[in-house]
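Dropping the structure in here first, questions after.
Position 1 is the first residue of the sequence; numbering continues from there.
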Amino acid sequence: MSARLSQGGRIDRRQPLRFTFNGRAYQGFQGDTLASALLANGVSMIARSWKYHRPRGLLAAGVEEPNGLVQLFDGDRTVPNARMTEVMLVDGLTAKSIHASPSIEFDLRAANNWFSRLLPAGFYYKTFMASLAAWHYFEKHIRAASGLGESPTQDDPALYDKQFVHAELLVVGGGAAGLAAALAAARSGARVIVCDEQDEFGGWLLSAGADDTVDGRAPLAWRDAALAELAACPEVKLLPRTTAFGYQDHNLVTLVEKRADHLAPGRQPVIRERLWRVRAGQVVLATGAHERPLVFARNDLPGIMLAGAVTTYVRRYAVLPGRKAVVFTNHDGGYEAALALSAAGAAVQVVDARPQPEGPLTVRARASGIAIHAGQVVVEAVGGKRISGVKVQALDAQDRLGGASRSLSCDLLAVSGGFSPVIHLHSQSGSKARWDEALAAFLPGTPVQAERSAGACRALQGLQAAADDGRSAAAAALQAAGIALPAGVKAAGPAPAKAVGGIRALWLVPHPAGTARAPKQFVDLQNDVAASDIELAVREGFESIEHVKRYTAMGFGTDQGKTGNINGMGIAARALGKAIPQVGTTTFRPNYTPVTFGLLAGMELGDGFDPVRVTPMHPWHVRHGATFEDVGQWKRAWYFPKPGEDLHAAVAREVKAVRERVGTLDASTLGKIDIQGPDAATFLNWVYCNAWTKLEPGKCRYGLMLDENGMVFDDGVTVRLSENHFMMHTTTGGAARVMAWLERWLQTEWPHLKVYLTSVTDHWSTTALVGPKSRAVLQALCKDVDFDDQAFPFMSWREGTVAGVKARIMRISFSGERSYEVNVPAGDGLAVWEAIHAAGAPYGITPYGTETMHVLRAEKGFIIVGQDTDGSITPHDLGMGAMVTKTKDCLGKRSLSRSDTVRADRKQLVGLLADDPQCVLREGAQILLDEMKSVPAKMSGHVTSSYMSPTLGRSIALAVVRGGLQRMGQRVHVATHDGRTMTATIASPVFYDPKNERQHAD
């Protein structure tokens, strides 16, 4: 049966839209939501409940709807758990109920409802988790019986992006308060962003009655004029269908803009959703209020709706949800629905818990001929798959039932238990809510950020009061930002919140049978949490409201307690014998409403998730046949094979070229952090274990960085460019981690230090020129630097011109050979690399990759952090204890004196020489001090690096072995992957040139 009114509403009857729900075809109009269209088609049961699979209908008309979750579309377009009150109707839309099998009309799991008394809150903890075997058996059945929609199994073809913006004022909410605040700010010329979660701006202005006015104008006329003026302001951005879902520190508010789903296929933009990160100077929260349901027996039947939702469906969507209605309320605001229903032709009665309701709307209701049953409450709803009547009984001042109950027949019950201001964002900003006994609501407390609340979210009643409050909030925000107020706007103080018509706090309607024996009195409809569950939680000893929440699941899921949590807190408070402020609120966590994974990912998918980084010389490497490996995000040349060469042959050739002539390595990927400031040397003294204050400009020093536990965190060479200017080099994969580490300590522990850090890894291109002939090659290209060993000693740097490009040349070595690192601006990197190769051609210059670099450094016993260390290695374990300066403190130094870090049997870095010189030990292989005779055997270390050394003509390895520094010359057993062991001898990790003579050789 159609429930569509013949006239009225904001729908466009000229644009009919076809859609299907649970396989059945229906028709709605442009401007409908899926919820309003289903109501218009007479569909009352739209879901089954989560736990008991009870029939459920629509409760609300907005984001607070707990029941109306659906699966939209199929395949790659499917959307799980979409709230039908937020789904704008489009032609061809398909939706189906979730959590019902085989259908919502005949759901086999509805048998759960028959055993509901055996399935109270926490039954699964007590019943199944007592036995692990029982839990493993029943877990899959419990999860199948509960749950929400189905996750997509196909790739989402849609695109999502992110926007980063600044605004002088962000207004959250586009109702009367929000629009008035935005207008006041816009007239001052301020940069303003206004967002609202609905399809169009207006809030309650879209559902207001004909008798309401704002500034002397009809609500919709005032709204249209306000939007026209805002749209004409160049500094104002209007964002409909945009939800502010999180409020972070420093006035960072995150928004999700839904840009496509309200449009028919073919008309949708490229970007489906956009994540806005707004850094606002000032924020005005005009987020409104959620109406609370009333808790009574069987209050979840289809046909029981919030009174405000009923008003919205009647006035905004031209839908009459019922023709014989009862309105159950405890305050004057519930009468708005009675008046709207009566004006639409429904027969209406009001059940008011207050003994003497005398508010303005009450007077209007009586004048309209609406019967009012004062001092009465609905104790129980009657019906099956839809409400058919209610049982009404008197309630005295002590909340005790009196007299005999009587029945009222109805096909719609509109309930209103008061309003809960939407203080989620205010609470997320760091502020604490305050309880107002007269209003029976939590209100915004004292702001801790540059934020103000206005309108209904401060419990103000009425459109005019909200608009005035919005203007005052905007004026205060402008003054705080130092922006002149526009003419006619005064920075008046916030209007006091007050309840119009009064309210009788009523958290739970008593039942003649008592809470435990009464039919279910639901508090949280989405999670099937009843009043009896909350009382049970208190009896079980859960006194914290957060513990009650977790024991009962109250406020879980996509609803997050928007309609039920305040009632639940009231019931818990009564059971505990405490006042509601003593019980407090649950935590208002982001996200305010669910957001998609696509929104959070944005464009950072596939290759965009982990961007590929290449050096300026990458095209040259490609042209010369390099094979690449991924190091962090970088593509690094692994080796340069010639025709017919495999990895081993290519590496042998490259190593020989470096040791005998000259080679080049692209070292541009090394992390580079520019460190400046008068306290830069002091800062380095703290983060490195060796001393830095006396390092002279023009010199370089190898540094070892420790974490708080004294374990090696990173290493690298740092150059002193001038008195207050350093360039730190880090490992390729550790650059971002080290930068974050340094910033953490600088900002949190040493903010008094005047030090400035800049990541410049991408700014510089580095060519390592290595080998006996490296000096000769450089001398051919650089005429303004003296390369004599006395003028340019090891571990120093010089500035000069290489191939016509200004360069920093550092004489450092990771191979043991004479070596220079040529640093030039990244844009000149390829040209300088090519010039070096041209100049080195007479010397047989050879490019080499990371595998050769590893072999060269292993021959010298040089470590690679992250390969030869694993977060449990100290400098002493590496044989580098002398680097820990005794004359100063540093990060991690205190931990080096702990009993665990001074043990003699710690794993220590050593060299390993396999008895079979042609056998390369496997990296990661376990080391046994005694031959393995049984499994498991006691492990005493493992191989960290292992290579065939072309220079030595045999295999070499680095390893960490318990007490290894005291075991030189001892034979050990190395386990192989096939269960056998190989023998090897512990040796010095320096296999080649132990006296470091090669770094000066020509």
Side-chain angles (χ1 to χ4, degrees), residues 612-629 631 634-643 645 650-651 653-670 672 727 729 732 760-785 787 792 797-815 817-853 856 1002:
V612 175
R613 303 173 73 181
V614 296
T615 70
M617 289 82 102
H618 185 79
W620 190 95
H621 302 332
V622 173
R623 291 197 305 269
H624 288 77
T627 298
F628 294 92
E629 69 168 339
V631 181
W634 292 97
K635 290 289 184 184
R636 296 199 71 179
W638 187 14
Y639 61 100
F640 290 83
K642 289 184 176 295
E645 285 185 338
V651 168
R653 174 179 50 78
E654 292 171 6
V655 168
K656 184 178 181 180
V658 170
R659 295 293 187 207
E660 296 179 358
R661 300 185 304 279
V662 63
T664 53
L665 172 73
D666 183 355
S668 305
T669 62
L670 292 176
K672 306 173 192 71
M727 177 71 77
H729 293 86
T732 294
V760 294
T761 301
D762 294 301
H763 297 196
W764 293 90
S765 172
T766 303
T767 299
L769 190 60
V770 186
K773 301 301 180 183
S774 57
R775 176 162 59 177
V777 174
L778 264 184
Q779 286 174 324
L781 294 170
C782 180
K783 303 299 183 182
D784 52 357
V785 172
F787 287 95
F792 194 169
W797 76 278
R798 297 291 182 266
E799 194 167 57
T801 305
V802 178
V805 177
K806 286 290 185 182
R808 292 174 182 166
I809 307 170
M810 302 167 191
R811 189 177 171 193
I812 53 183
S813 178
F814 196 48
S815 62
E817 300 294 331
R818 178 183 289 276
S819 176
Y820 301 88
E821 291 190 2
V822 180
N823 291 267
V824 297
D828 297 312
L830 178 58
V832 171
W833 174 274
E834 291 176 334
I836 288 174
H837 273 263
Y843 304 99
I845 195 168
T846 301
Y848 67 93
T850 55
E851 187 68 17
T852 295
M853 176 192 73
L856 293 169
D1002 282 317

For P641 and A650, work out which heavy atoms get closest and say how close.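 The answer is CA-CB, 4.0 Å.
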By side chain to side chain donor-acceptor pair (under 3.5 Å) - contacts of E834 (at least two apart):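 R623.
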Does a donor on one side chain and an acceptor on the other come within less than 3.5 Å for T669 and T732? yes
Which heavy atom in G663 sits nearest to a heavy atom in V658, and how many Å separate them? CA-CG2, 4.1 Å
Hey, what do you get for CE (M810) to CG (N823), rounding to the nearest 0.5 Å?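 One finds 4.5 Å between CE of M810 and CG of N823.
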Nearest non-hydrogen partners of V770 and S819, listed with the distance: CG2-OG, 3.4 Å
Heavy-atom pair of closest approach, residues A839 and A780: CB-CB, 4.4 Å
Does F792 reach the side chain of I809, with side-chain heavy atoms less than 4.5 Å apart? yes
Sorted by chain and number, sequence neighbours left out, side chain to side chain donor-acceptor pair (under 3.5 Å) with T664 holds for H837
Could you state the interatomic distance from CG (L830) to CG (D666), rounded to the nearest 0.5 Å? 10.0 Å
Under 6.0 Å between ring centres, would you say that holds for W833 and H621? yes
Fit a plane to each ring of H618 and F628, take the angle between them on a 0 to 90° scale, and name the class: parallel (under 30°), tilted (30 to 60°) or perpendicular (over 60°). tilted
d(Y639 OH, E654 CD) to nearest 0.5 Å is 9.5 Å
With side chains defined as the heavy atoms from C-beta onward, is the minimum distance between V760 and M727 less than 4.5 Å?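 Side-chain contact under 4.5 Å: yes.
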For R775, what residues pass the side chain to side chain contact (heavy atoms under 4.5 Å, CB included) criterion, not counting sequence neighbours? Q779, F787, D789, R818, Y820, D1002
Please answer whether the main-chain N or O of V662 pairs with a side-chain N or O of S774 as donor and acceptor at a distance below 3.5 Å. no
Distance only, no hydrogens: is a donor on one side chain within 3.5 Å (strictly under) of an acceptor on the other, for T850 and R636?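 On atom types as modelled, these side chains do not qualify, holding no pair under 3.5 Å.
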Is it the case that the side chain of R653 and the backbone of F640 share a donor-acceptor pair, with hydrogens and angles ignored and the cut-off at 3.5 Å? yes
A side-chain contact here means heavy atoms from C-beta on lying under 4.5 Å apart; do T767 and M617 qualify?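 Contact flag for T767/M617 side chains = yes.
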Whether R613 and D762 form a salt bridge (side-chain N of Lys/Arg under 4.0 Å from carboxylate O of Asp/Glu) is what I want to check.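 Between R613 and D762 there is a salt bridge, with a charged N closer than 4.0 Å to a carboxylate O.
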Drop me the distance from K773's NZ to L778's CG, to the nearest 0.5 angstrom. 14.0 Å
Write down the atom of I845, the atom of A841, and the distance for their closest heavy-atom approach. CG2-N, 3.9 Å
4.5 Å side-chain heavy-atom contact, T761 and W634: yes
Could R659 and E817 be called an ion pair, given the rule that one side-chain N must be under 4.0 Å from one carboxylate O?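 Yes, this pair counts.
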Roughly how far, to the nearest 0.5 Å, is the CG atom of L665 from the CG atom of L769?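 Rounded to the nearest 0.5 Å, the CG-CG separation comes out at 10.5 Å.
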Which atoms form the tightest heavy-atom contact between G840 and V777, and what is the distance? CA-CG2, 3.8 Å
I'd like to check T766 versus L670 (side-chain heavy atoms, cut-off strictly below 4.5 Å). Are they in contact? no
Which value, rounded to the nearest 0.5 Å, describes the distance between D828 atom CG and W764 atom CH2?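 Going from the CG atom of D828 to the CH2 atom of W764 covers 10.0 Å.
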